[in-house]
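The next block holds one structure in the form of structure tokens; read it before the comments.
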Amino acid sequence: MPAETVHPLPVRALPVQRNRGIAPAGPAPAAPAPVLARLAVPVLPALLALALGLWGIRRDGSVWRDEAVTWQVGQRSVAEIWHMLDEVDVVHGLYYMLMHGVFEVFGTGTAVLRMPSVLAVAVAAAATAAAGRRLAGPWAGLAAGLVLALIPNIQHYAQEGRAYALVTAGVATATWILVSATGRTPSAARAGRLVRRAGPWAAYAAVLLTTALLNWFSLFVLPAHAVTVLVARRRGRRPLLLPWSVSAAVVVAGALPLILASRAQSGQVSWIKPVAVSTLLGVAALLLVALVCARVPYPGRGRAPLTPASVGLPLLAVPQCGLLLASALVEPLYLDRYVLYTNIGFALLLGVGIAAAVQAVPVRTWVPLAGVTALAFVALLPVETGLRKPESRVDDVLRAAEQVAAVARTGDGVLFIPAARRDTAQVTPSAFTGLDDLALVEGPASSGTIKGVEGSAEHIRTAMLAKSRIVVVTDTHRAASAPAREAGKLRVLARHFERTALTDTAGRRVEVYEKVR
């Protein structure tokens with residue numbers, strides 16, 4: 001990998017030339033920037049991302065259904081997790097193994113559950129800033145990292161016990177490696193042999209393969225990077241196409257077994273709805289802003305083999321459009337979290353626009369940049385505080401468990417409608433002590449499933465009629481139509497029981513039924 005070009009943080013704002021945009025004033029400094037100045041570009045965004053991630057990380061002690069899966073599966077043994085992957089969630093297998101190790105070392109809890117995601121976003125912000133510095137100088141890099149840390153969608157998944165933040169960190173790191181391997185430095189002629197060495201490309205392949213094993217939808221980054229490499233090739237960096245192609249082939253080959261295995265479990269995403277018009281408009285708005293920022297002049301524009309546009313635009317557009325196209329032609333698959341990493345491309349381009357603006361102000365550049373960052377934080381404060389409340393997610397598994405503990409009596413039966421709501425008991429088994437799960441015939445861990453195996457309709461009916469009091473855990477808004485087994489539970493309740501209590505709490509409903517005498 002070639003030595004990184006040093007772009008010292010200037011002490012004063014750079015003057016703006018009327019017809020040529022922003023250009024450095026005077027001769028370039030001969031000495032490298034101080035170590036602290038070089039470190040500031042990646043470190044400051046990482047610290048901001050870390051602070052935002054730690055702020056309200058426990059989310060008032062709430063856990064939503066997807067995190068509940070991570071919580072309960074991560075506490076199983078390695079053999080039990082492996083057994084489960086044969087049946088369900090193989091696409092998240094590496095993440096579950098990682099969280100198993102985290103829980104073994106640090107114990108369980110909402111902060112421990114989310115800390116890997118917090119740290120991952122800090123890494124993503126640092127890598128984005130480093131890539132931006134390579135492409136357009138230190139101020140653009142610093143601004144890009146700060147932008148990524150402040151994006152609400154990034155903050156949302158920084159505080160979730162799922163793999164999406166880790167995937168974003170992987171893509172950001174791989175993008176930085178690619179930019180570093182492709183970028184031209186003043187000593188490029190002497191360092192040509194280093195560029196051709198396998199080290200950077202081996203690191204690139206290793207990072208992206210690990211990322212793909214965390215979620216193989218991250219492979220959409222490969223065609224985005226292909227566009228970037230082809231742009232570099234047109235600008236005279238022909239030797240890069242072959243090593244990148246070999247690295248990409250290794251990544252695809254390594255991820256292919258996971259892709260094939262997950263296709264057999266494709267029913268897990270059958271609940272995803274077709275893409276809404278509002279989603280398309282949102283993607284279009286991001287692309288429009290990015291296109292405007294891509295036209296902003298910056299120091300060195302036109303001389304480097306890569307530009308913020310040649311890296312950021314494909315990274316923002318290609319995965320989004322690819323997943324949208326797959327959703328239209330194959331089956332609905334589009335969820336913003338599956339392509340969360342495309343925010344990196346947006347941040348790189350918006351960082352250039354912000355850097356150009358703050359450098360045009362006739363004061364020290366860090367002053368307006370700090371002001372813009374603070375203003376953005378304040379403007380987003382209502383959104384940021386909302387993300388840290390239990391109501392920001394679909395439901396709250398822990399609050400439902402607390403309610404069960406408050407209304408249940410020893411010897412009561414308990415039903416989960418649908419069966420997936422059994423996660424309440426799996427996450428907080430103490431709240432269900434003394435209760436009889438009327439439908440369950442084999443537990444989730446032993447059956448290699450997430451929600452366990454329930455008995456036949458007749459088995460459940462017999463167990464229900466043997467109880468005088470049943471606690472039901474369900475959704476606040478129950479689906480209009482239910483599968484046969486769930487419909488059977490509801491029919492028995494309607495015919496033989498009377499509801500005596502109902503409590504709604506953050507997307508979950510806890511009901512108490514007593515048998516009609």
Side-chain angles (χ1 to χ4, degrees), residues 1-7 14 16-17 19-24 28 41-42 45 127-148 171-186 188 195 200 204 221-241 244 286-321 341-360:
M1 184 184 300
E4 182 171 350
T5 303
V6 176
H7 297 277
L14 300 175
V16 179
Q17 297 180 359
N19 60 342
R20 299 183 61 186
I22 301 170
V41 173
T128 300
R133 175 173 59 185
R134 275 281 191 173
L135 293 168
W139 292 116
L142 181 58
L146 295 173
V147 167
L148 188 74
V171 171
T173 302
T175 301
W176 168 69
I177 294 172
L178 177 66
V179 169
S180 298
T182 309
R184 180 166 58 193
T185 69
V195 176
Y204 176 84
V221 76
L222 287 177
H225 282 175
V227 174
T228 299
V229 170
L230 290 174
V231 169
R233 185 175 185 270
R234 290 187 61 186
R235 295 189 173 210
R237 303 308 297 265
R238 295 177 183 273
L240 295 174
L241 183 59
W244 177 85
L286 287 178
L287 288 173
L288 180 60
V289 173
L291 286 169
V292 171
C293 292
R295 304 294 299 171
V296 173
Y298 58 90
R301 180 171 180 167
R303 298 194 299 270
L306 287 182
T307 65
S310 67
V311 176
L313 281 177
L315 186 53
L316 174 61
V318 172
Q320 295 268 10
C321 295
Y341 55 86
T342 59
N343 285 291
I344 299 165
F346 180 75
L348 285 171
L349 291 163
L350 187 56
V352 171
I354 292 173
V358 298
Q359 289 183 95

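Start at 1 with the first residue, then count along the sequence.
Here the CG atom belonging to Leu287 is positioned 9.5 Å from the CZ atom belonging to Phe346, to the nearest 0.5 angstrom. Distance check, rounded to the nearest 0.5 Å: CG of Leu291 to CG of Leu316 gives 8.5 Å. With rounding to the nearest 0.5 angstrom, the CG atom of Leu348 is 8.5 Å from the CG atom of Leu148. Atom OG1 of Thr342 and atom CD of Gln320 lie 4.0 Å apart (nearest 0.5 Å).
Partners of Ser310 according to the side-chain hydrogen bond (donor to acceptor under 3.5 Å, both in side chains) rule, which considers only residues two or more places apart in sequence or in another chain, are Thr307.
Arg233 has its side chain out of reach of Leu240: every pair of non-hydrogen atoms, C-beta onward, lies at least 4.5 Å apart. With a 4.5 Å cut-off on side-chain heavy atoms, Leu222 and Trp244 count as touching. Side-chain atoms of Ile177 and Thr173, non-hydrogen and from C-beta on, do get closer than 4.5 Å to each other.
The nearest pair of heavy atoms linking Gly351 to Ala143 is O-CB, 3.5 Å. Across Thr228 and Pro314, no two heavy atoms sit closer than the pair OG1-CG, 4.2 Å. Nearest heavy-atom pair, Val352 versus Pro308, reported as atom, atom and distance to 0.1 Å: CG2-CG, 3.5 Å. Nearest heavy-atom pair across Ala356 and Val296 is CB-CG1, 3.3 Å. Closest non-hydrogen pair, Ala294 versus Leu313, comes out as CB-CD1, 4.1 Å. Annotation for Arg133 and Pro42: closest pair NH1-CD, 4.3 Å, computed over non-hydrogen atoms.
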Would Leu135 and Val311 count as a side-chain contact (heavy atoms from CB on, under 4.5 Å) here? Give the steps. CA-CA 9 Å; Leu135 293 168; Val311 176; 3.9 Å; yes

Apply side-chain contact (heavy atoms from CB on, under 4.5 Å) to Val171 and Leu315, showing your working. CA-CA 10 Å; Val171 171; Leu315 186 53; 4.0 Å; yes

